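Take a look at the following structure, please.
Since the model is a prediction, treat every value here as computed from it, not as a measurement. So that the names make sense, note that chain A is the first sequence line, chain B the second, and so on, each numbered from 1.
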Amino acid sequence: MNRIDARFAELKSAGRTGLIPFVTAGDPSAAAMVPLLHALVGSGADLIELGVPFSDPMADGPVIQHANERALAKGVGLVQIFGWIGEFRKTDSKTPVVLMGYLNPVEIYGYTRFARDAVAAGVDGVLLVDCPLEEAQTAQALDAAGLRRIYLSAPTTSESRLAALCEAARGFLYYVSFAGITGANRLSLDAVGERVLKIKSRTATPVAVGFGVRDAESAAAIARFAEAVVIGSALVERLAAADSVEAACATAREFLAPIRAALDAGARAHAA
Amino acid sequence: MLAATKDKRIQVPDFTKYPDVHGRFGDYGGAFVAETLMAPLAELTENYLRLRNDPAFVAELDRDLKHYVGRPSPIYHAERLSKRIGGAQILLKREDLNHTGAHKINNTVGQALVARHMGKTRIIAETGAGQHGVASATVAARLGLECVVYMGATDIERQKINVYRMKLLGATVVPVTSGSKTLKDALNEALRDWVTNVAGTFYIIGTVAGPHPYPMMVRDFNAVVGREARAQMLAEYGRLPDTLVACVGGGSNAIGLFHAFLNDANVAIVGAEAAGDGIGTGRHAASLAAGRPGVLHGNRTYVLCDDNGQITETHSVSAGLDYPGVGPEHAFLKDTGRAEYVGVTDAEALAAFHELARTEGILAALESSHAVAQGIKLARGMEKDKMILVNLSGRGDKDVHTIAAREDIAL
């Protein structure tokens, strides 16, 4: 069973909301990468989204743009990223890892080669930001290799496309909480709730909500209707200031602990 | 017609049938964007396809092109230049004589009309050399629309006059400091703006790149250049040119000239890309001549990138050609062998700039000077009764400072 599917099944039976931190591969440093992945899991991450740096991240706000630039300045590429995930997998065989990024690095690496190396390293899913459903066949080698293709759904997604997305969704469906770039502060909980409930009425695939989730309060609010919350820019911004491996791990723990606690408190309140 | 022999040759019976409904030109094009933009792109495609077949819209556009842009632009026989070279005759399609000084206005007039029909009140645009920014600010002023232009900080520095022109026209120019601070980064930033302000904003892309329907729509609006040129050649010379030459950055002036001739098998088509310091130096912007297929800014096309798929920084003396991608239709024309794409260096373009200025009294834009240089190069090897039609896509007033600085002349 794919680790993503297994994890969402566990969350469901435990009545918990999934916590999905996003970090950019190679940021804040190459040395911090594997310890940081373990620290995320130790702080309550249920699934990890690992950003593959790209020179032209057109859907990302300044925080993740800069993380990309820092990682690229260190020469971070897919070979290295697969190496880190392989290393992480030596002691963590359970936590799903989803690579998130843009198409060109995958296209140039080669889809078949990418699928083979990703599976060998222990990657479970891939979210290609600039590869919508209509262009999905371009990367069909990923599906054939058993990787879960994570699709985005947005407030602007039309009814007919939403139906097609719900049909195609595997692993989980990522709902982009507002029309904008990552890290912006435009979250409208009512609108998100209404939209997510609509998606859930159409598919049994779990829904994760991301973009604009910054802290325990917003995460707990999202948890009322989504199976998981994704937190990216707010974490990446804090990690940027970490000047050592230990500091990066400590930053991740300090940031995620209250969010994990708020999600769990919400789940208990719900159960009660 | 049958495309010439090339590795990826496919038989193309009719080049005017592209793109298909998905915006694909063979393997190239498409719509590779984040989910949020899929709906506005669909809305745009639907509106554009309706409007382009609407006689009232077409009449409105034709009127604007005639009375506001100043079309048709003439074809001018550069006789003194041709005589000096001693080979084929060089003819210039004078897009430099358009309002705002370049072909860019053909497209912005068209897109602004589409924007107005769609009820959009805010225009955004990216610009490299500033010509498209000026052309966008111009039409926004005319239609009373708010206009925000994204421009790389590096380009702002080297195109100060155009920045000021945009401000005079009431536009807000936003410096882009991410990445290489040039055209590609301005495009990223404009896409980020659009994704954020999707409801009321119309994004006027300035070249035949970006996601579908832009490569098709921008081509259609610039195709007036080739339609006119073809009719003018037949009327004035009773024949078609032997060769077409245009500079290619994103490729809008080039596809504009080429499109009406694509099914004329006897007309050779040559695109001049910016070879900068020379393709061998790595400091260039020749995506077709030296790049590889990839995905950038919403379409699959030839891109300049490293082995990790990271887009590489480009170099050209001309800001308008300084782009690491190229319109997908050019990628298709290259692979089918219908067009040939060659590099022209900074030095060759500058030499052609001076040559044209001294022999014909025309200051060409640095972008267009690449096409002039290639036209001169080709003319040398051709008989005197042959004709080369060069797209003089813009005028050089904006580049005077750049040229003076390069030649150590203080103004």
Side-chain angles (χ1 to χ4, degrees), chain A residues 52-62 65-66 68-69 71-72 75-81 101-110 114 128-135 138-139 151-162 165 173-176 178-182 184 186 211, chain B residues 21-24 27 29-43 46 176-180 184-199 201 210-212 291-301 303-313 324-325:
Chain A
V52 177
F54 182 48
S55 51
D56 294 78
M58 61 186 185
D60 283 301
Q65 284 174 44
H66 292 145
N68 279 299
E69 286 170 11
L72 291 176
V76 172
L78 282 166
V79 171
Q80 213 173 347
I81 293 169
Y102 295 82
L103 207 50
N104 202 53
V106 181
E107 169 125 349
I108 298 301
Y109 195 88
F114 175 91
L128 297 165
V129 178
D130 54 351
C131 189
L133 192 56
E134 285 77 353
E135 304 288 358
T138 204
Y151 290 107
L152 297 169
S153 167
T156 55
T157 302
S158 68
E159 289 291 321
S160 60
R161 293 194 71 258
L162 186 60
L165 281 168
L173 191 63
Y174 188 129
Y175 182 66
V176 175
F178 54 81
I181 52 178
T182 55
R186 297 163 60 111
F211 281 44
Chain B
V21 290
H22 304 292
R24 298 202 181 97
D27 292 340
F32 294 89
V33 294
E35 178 61 28
T36 308
L37 289 180
M38 291 304 287
L41 287 171
E43 182 197 11
E46 190 189 314
V176 177
T177 55
S178 57
S180 60
K184 80 172 177 76
D185 310 287
L187 225 152
N188 290 330
E189 210 53 41
L191 284 166
R192 292 179 188 124
D193 179 313
W194 198 28
V195 101
T196 305
N197 302 294
V198 85
T201 295
H212 181 63
R292 51 180 149 185
V295 176
L296 177 66
H297 291 149
N299 67 95
R300 176 172 283 113
T301 185
V303 300
L304 292 169
C305 68
D306 65 18
D307 290 340
N308 284 327
Q310 308 302 338
I311 305 303
T312 44
E313 292 192 12

Quiz prompt | Interchain contact, A:P57 with chain B, by part (heavy-atom threshold 4.5 Å) | solution =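 For A:P57, the contact with chain B is made by backbone and side chain together.
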Quiz item: Under the 3.5 angstrom rule, does the side chain of B:R192 hit a backbone N or O of A:D60 as a donor-acceptor pair?
Solution: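 Yes; judged by distance alone, with no hydrogens or angles, the pair exists.
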Practice problem: Under 4.5 Å heavy-atom distance to chain B, tell me which part of A:L72 shows up: side chain, backbone, both or neither. | Solution: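 Contact with chain B: side chain only.
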Quiz prompt | Heavy-atom contact with chain B under 4.5 Å, split by part of A:N68 | solution =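 Neither; nothing under 4.5 Å.
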Practice problem: Check side chain to side chain donor-acceptor pair (under 3.5 Å) between A:E134 and all other residues, then give those that pass, not counting sequence neighbours. | Solution: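 Residues passing side chain to side chain donor-acceptor pair (under 3.5 Å) with A:E134: A:R161.
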Self-check item: Region of A:L165 that comes under 4.5 Å of a non-hydrogen atom in chain B
Solution: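 Answer is side chain: those atoms of A:L165 sit under 4.5 Å from chain B.
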Quiz item: Taking B:A190, B:C305, B:A31, B:A42 one by one, which has the highest count of heavy-atom pairs under 4.5 Å against chain A?
Solution: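 Answer, by heavy-atom pair count under 4.5 Å with chain A: B:A31.
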Quiz item: Does any non-hydrogen side-chain atom of A:E107 lie less than 4.5 Å from one of B:R292?
Solution: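 Answer no - side chains too far apart.
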Quiz item: Which bit of A:F54 is near chain B, if near means a heavy-atom gap under 4.5 Å: side chain, backbone, both or neither?
Solution: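 Both backbone and side chain.
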Quiz item: Who pairs with A:A154 by side chain to side chain contact (heavy atoms under 4.5 Å, CB included), at least two apart in sequence or on another chain?
Solution: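 With sequence neighbours excluded, A:A154 shows a side chain to side chain contact (heavy atoms under 4.5 Å, CB included) to A:T156, A:T157, A:V176, B:E35, B:T36, given in chain and number order.
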Quiz item: What residue, out of A:G77, A:C131, A:S153, A:P132, has the most heavy-atom pairs lying under 4.5 Å from chain B?
Solution: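 Among the listed options, the one with the most contacts to chain B is A:P132.
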Quiz prompt | A:D130 side-chain N/O to B:A34 backbone N/O, donor-acceptor pair under 3.5 Å | solution =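 Such a contact is absent between A:D130 side chain and B:A34 backbone.
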